[in-house]
Amino acid sequence: MLASEIRSRFLAYFERQHHVIRPSSPLVPGDDPTLLFTNAGMVQFKRVFLGLEESPFGKRATTSQKCVRAGGKHNDLEQVGHTARHHTFFEMLGNFSFGDYFKREAIRFAWEFITEELKIPKEHLRVTVYHEDDEARQLWKDVADVPENRIYGLGARDNFWQMADTGPCGPCTEIYVDLAHMAKDWAFPADATGEWTRTDLTDFSLDAFVEGAEAGRFLEIWNLVFMQFDRQPDGEMRPLPAPSVDTGAGLERIAAVMQGVSNNFHADLFAPLIAAVESTVGISYPYRPGVGVGTAHDAHGKVIDPASFRVLADHARATAFLLADGVFPANDGRGYVLRRILRRGVRHAWLLGRREPTLVHVVQAVIDTMGDFFPELRARSKHIVDTTRAEEVRFLATIDAGMTRFEELAPIGSTQGSTAIRGTVSGQDVFTLYDTYGFPIDLTELMARERGYLVDIAGFEAALQVQRSQSQEDRKSRKLGVSADVLADFSTWQTEPATLAQAQFVGYELLETMTNVAAIRALDDGRTALILRDAPFYAESGGQVSDRGHVAGQGWSLEVEDVRKIDGRVAVIGTATGHVSFGTVRATVPASVRRDIERNHTATHLLHAALRQVLGEHVHQAGSLVSTDRLRFDFTHHGPVTPRQRAEIESIVNREIWSGTPVATRIMAHADAIADGATALFNEKYGDTVRVVGIGEFSKELCGGTHVRNTAEIGVFVFVHETGVAAGVRRVEALTARSAFAHFRAREALLLESAELLKSPVDTMPKKVQALLDERRMLEKRVADAIKGGGGGLGDLIAGATTVGGMKVASGEVTGIPDMKALLALGDVLREKLGSGVGVLAARFEDGKAAMVVTVTDDIRARGIGADALIKSLAAIGGGRGGGKPHMAQAGLPGADAIAPVLAAVSDAVIALVPA
Ligand code: ATP
Ligand code: MG
């Protein structure tokens, strides 16, 4: 039975048992920043199980849930490829009862599905229960007829589930399949002995069962969790009024059982992926159905580990699905897990001899084979493929050098095969591999372990810490001012406690207010810090810069240079004139400053939404700066934004501006905001209540910043810059309103200046520039031709130069010159080549006319010899007329006959000009 059929039969079976089929939720849990990835079917129902939410679709649900266990609490990354049953990405089938049925039905459903729908023979099934859960043990006997000696009681580590230290928890029961009987290719490891390796037995001791489960003979396919208690902070287990059921069955494992194979990777879901690895690397995966996995060799006859095929197949699935669900390779958080998976994949391809992107081909096979059931793969296939390839290319650039480095650090000794520890890779070396060669720590650790080396993790962490604090120091030292810690110590302030207790930020509504001073503090640098009861000043946060402004008291005032948030209160710092005292003050944020900041902030939200519309949902904010004169927005995306996309984004943002949409801010429960579709930043911590800034239906973001009241206030939006700032992170800079206008004005001034220089109206400038470029190209060609075809050429002419009165004089006739313009251009070339001296060129043109040019270098001109004077005397000799400037002059000659006498007279004519 194919996996797809198992999946649909499961859902159909539970639908018949009155469960509502719910779609899989994304791999990134929507409202749970504590959880890295969705790792079980119950994740999307967590709030229902916790009693925080009513289930909107009744008390029974069933799903096939995408799961990733590659980071955080559930991490099977190390197992993948080395056990037969673990994946980073897998599908979990589940049925859920929200305070409806309990143990009896849960056991009956599972048993019925497995033995009647799937027809797995009962004699090959074993179950486990929590050793204290007599109820479950009895139900297995009553409902499923499982004999006592095939029910194993396990301890809390295996069979007691809890969501957290407090809250819902309860015993589990698991269903196992004996693969030694179910799989056609089952083989015991060569050195396996003991009871668990017996195939003649039908009943095993607990120890043998546990050992056999560990070794993969008994495969856990399904886990049923009975949420029975509510654990109190004091440890008391209070029975839940309405106990619930949460189950999870691994689709890939069941598929392996149903297809009679002992390894998930040999079942139908993986076959096309293994085939994609084979065709990409050009090596066959040495598996023979019914027999098992043999040995394989690369192109050079070197033995390779077939596990690499399985790891690539596995990692391609995780990569494709994580990218489809908006995770983007990065250096921290979820993105770092993805990057690590990708890099492990690159390394395994490398081990198979590949030096080009490989995983990308397997990822493509994932999209092709799973895209029908998971439309998100098809919808974002280009993004998935492009990002994978880009990441592979990036790591491939350093992997060779890194591997060489690693070889030196952890050489394979002569004692290969022994389990002895050979040495330790130092923290600094691990850091270099990480920082310079892009080897994630876990990858280095794994490679080291394979060779019998330890890794100094603490040393690595220390090196990383040094790097981090250095860059933090850098950042700090660039920022003037007082540290928040210093300000937070209220014993160093003079306070008016009653007023201080009321201190609040009023800047969402007011820019100017009469209020009272709540606290005063003189700072070491001579400045003063103040806390006001009502502060209209915004303290830098969420990318929005602090406000500037002033505070005016009786006989004193303070220019606000900095605003800080201290324990939720706003403190302003600035230079005071007069004696600062308690009492009434007027606090002002100049509207001109704040309104521009607001325009830029709201525009940032519009930009964010437009980027996601145009580039895709993988775009996530990675940083921003909102100031008076511009906005800057960093976001995850690989590759530059094309000019066409830029134009589209710009016009979407402007359309929203010109539509004059009101901007509404609402305070609401965090969960409601997320349910409402508001965009929150990854890795950002939010309180229970949040502020949501909504711009019609176009944008909804969690944001504490200040915004325009209506998008029309923004006026206009213009992109000025787009660039990459880090791997997979792009930066856009843009302007609004006043700055945008200034930007256009400055551009226009440049345009007018250019028009002036070109002596052309602005409208026809492009034409004019084109004409100039054409002309220039033609001249260049002529000069080139002239130099090529110019008689003895300029080179000879210069070589034959004479010295007259201490000056180099080069003169001669050049041929093949079409016209005067070309001759003048050649004159320029001659002057340049001479460096210092006098040049005289004569030529007869295509039309039969003759002419000459004289050129004089600056140093010679400084000695009083001018080209204009020289040409006069020469023209007189030739019977022509001439003129020009001191550095270059020209003359027409009556005919070609005049050339010889003129050239003969050059030396004398020069001498005649030398001042006495
Ligand atoms: P194991 O001990 O084999 O790692 P588990 O106890 O971690 O399994 P559960 O957390 O109970 O598994 O998950 C429920 C079901 O999901 C399991 O019975 C199994 O079928 C499946 N499953 C769990 N982890 C994986 C994985 N990494 N890859 C594939 N399937 C898995
Ligand atoms: Mg596990």
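We count ligands from 1, going down the list as the structure has it; atoms in each ligand are counted the same way.
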- Which segment of Gln79 sits under 4.0 Å of ligand 1 when only heavy atoms are counted: neither
- Query: Looking only at N/O atoms, are Glu174 and ligand 1 under 3.5 Å apart anywhere?
  - Reply: no
- Taking the six-membered ring for Trp, is the centroid-to-centroid distance between Phe14 and Phe10 below 6.0 Å? yes
- Message: Check Asp145 with Lys122, please: is the shortest side-chain N to carboxylate O separation under 4.0 Å?
- Response: no
- Note on the structure: Within 4.0 Å of some non-hydrogen atom of Gly250, the atoms of ligand 1 are 16 (O), 19 (C), 20 (O), 21 (C)
- Determine whether the aromatic ring centres of Phe395 and Phe439 lie less than 6.0 Å apart. yes
- Relative to ligand 1, is Asp158 under 4.0 angstrom through side chain, backbone, both or neither, heavy atoms considered? neither
- Task: Decide if the gap between the ring center of Phe265 and the ring center of Phe309 is smaller than 6.0 angstrom.
- Result: no
- Item | Aromatic plane relationship, Phe45 with Phe96 - under 30° parallel, 30 to 60° tilted, over 60° perpendicular | tilted
- Could you say whether the N/O atoms of His86 and ligand 1 ever approach to under 3.5 Å? yes
- Message: What I want to know is whether Asn264 and ligand 1 share at least one N or O pair that is separated by under 3.5 angstrom.
- Response: no
- Phe113 ring center near Tyr13 ring center (under 6.0 Å): yes
- Nitrogen or oxygen of Met92 less than 3.5 angstrom from that of ligand 1: no
- Message: I want to confirm something. Looking only at heavy atoms, which of His74, Arg69, Gln65 is nearest to atom 10 (O) of ligand 1?
- Response: Arg69
- Task: Below 4.0 angstrom from a heavy atom of Ile221, which ligand 1 atoms are there? Numbered from 1 as shown, please.
- Result: 18 (O), 20 (O)
- Item | From Glu15 atom CD to Ile21 atom CD1, the distance as rounded to the nearest 0.5 Å | 3.5 Å
- Query: For ligand 1, which part of Glu220 has a heavy atom less than 4.0 Å away: the side chain, the backbone, both, or neither?
  - Reply: both
- Per-atom contacts of ligand 1 with Asn223, taking only distances under 4.0 Å to non-hydrogen atoms: 11 (O)
- Query: How would you list, by chain and number, every residue that makes a side-chain contact (heavy atoms from CB on, under 4.5 Å) with Glu116, sequence neighbours excluded?
  - Reply: Glu112
- Query: Does Phe90, backbone or side chain, put an N or O under 3.5 Å from an N or O of ligand 1?
  - Reply: no
